[in-house]
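Step one of this worksheet: look at the structure below.
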Amino acid sequence: MFINEDVELDESSLPKMMQEDIKILRDYYAKGEWLLFDNYFEAAEACAKQFWNDGRISWATLEAYRNKYGIC
């Protein structure tokens, strides 16, 4: 699991659901809960892809999200 703080992402401009997902991912990361982070990230990434598909976020935003939060 990783959070790359070098990747710029304006989280305040994201849909509310993505903002809530980020809070949860950060909490799991801070606690070292790798399994919970991994499982939650899979669902959060699917939601982010759907937001892109619906035109609610750009491809660049989706890529930044995937580069900032993820699993190795």
Side-chain angles (χ1 to χ4, degrees):
M1 70 181 173
F2 67 86
I3 296 178
N4 184 348
E5 297 295 352
D6 294 331
V7 175
E8 291 187 32
L9 178 63
D10 181 10
E11 296 173 4
S12 66
S13 70
L14 298 174
K16 190 71 170 168
M17 184 179 209
M18 285 183 71
Q19 292 179 29
E20 292 170 3
D21 287 343
I22 287 170
K23 288 178 187 174
I24 292 168
L25 288 170
R26 285 188 171 278
D27 184 55
Y28 289 153
Y29 186 83
K31 292 177 181 176
E33 294 284 357
W34 183 86
L35 184 59
L36 292 172
F37 184 99
D38 180 42
N39 289 335
Y40 198 87
F41 179 76
E42 294 294 331
E45 184 181 32
C47 286
K49 288 178 182 177
Q50 189 61 48
F51 283 129
W52 169 74
N53 191 48
D54 292 344
R56 295 183 63 193
I57 63 171
S58 69
W59 180 256
T61 300
L62 176 61
E63 285 297 298
Y65 177 76
R66 293 170 68 192
N67 290 326
K68 186 168 185 102
Y69 302 96
I71 50 179
C72 298

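A salt bridge does not link Lys23 to Asp27: none of the charged nitrogens lies less than 4.0 Å from a carboxylate oxygen.
With sequence neighbours excluded, the residues satisfying salt bridge (charged side-chain N to carboxylate O under 4.0 Å, His left out) with Arg66 are Glu45, Glu63. In this structure, Asp38 has no salt bridge (charged side-chain N to carboxylate O under 4.0 Å, His left out) partners at least two apart in sequence or on a different chain.
Here the options are Asp54, Ile57, Asp21, the test is side chain to side chain contact (heavy atoms under 4.5 Å, CB included), and the partner is Pro15; only Ile57 passes.
Using a 4.5 Å cut-off on side-chain heavy atoms (C-beta onward), Thr61 and Leu14 make contact. Looking at Met1 and Phe41, their side chains never come closer than 4.5 Å, going by heavy atoms from C-beta outward. With a 4.5 Å cut-off on side-chain heavy atoms, Phe37 and Lys31 do not count as touching. You'll find the side chain of Arg56 stays beyond 4.5 Å of the side chain of Met17, heavy atoms only.
Annotation: the span from Phe2 atom CZ to Asn67 atom CG amounts to 7.0 Å, rounded to 0.5 Å. In this structure, OH on Tyr29 lies 14.5 Å from CD1 on Ile22, to the nearest 0.5 angstrom. To the nearest 0.5 Å, atom OH of residue Tyr40 and atom CD of residue Glu33 are 14.5 Å apart.
Taking both residues in full, the closest heavy atoms of Gln19 and Ser12 are given as NE2-O, 3.2 Å, listed atom of the first, atom of the second, then distance. Considering all non-hydrogen atoms of both residues, Tyr65 and Leu9 come closest at CA-CD2, 3.9 Å.
Note on Val7: it does not cluster hydrophobically with Trp59, by side-chain heavy-atom contacts below 4.5 Å among ILVMFWY residues.
Counting heavy-atom neighbours within 6.0 Å of Glu5 CD, excluding the residue itself, gives a total above 12.
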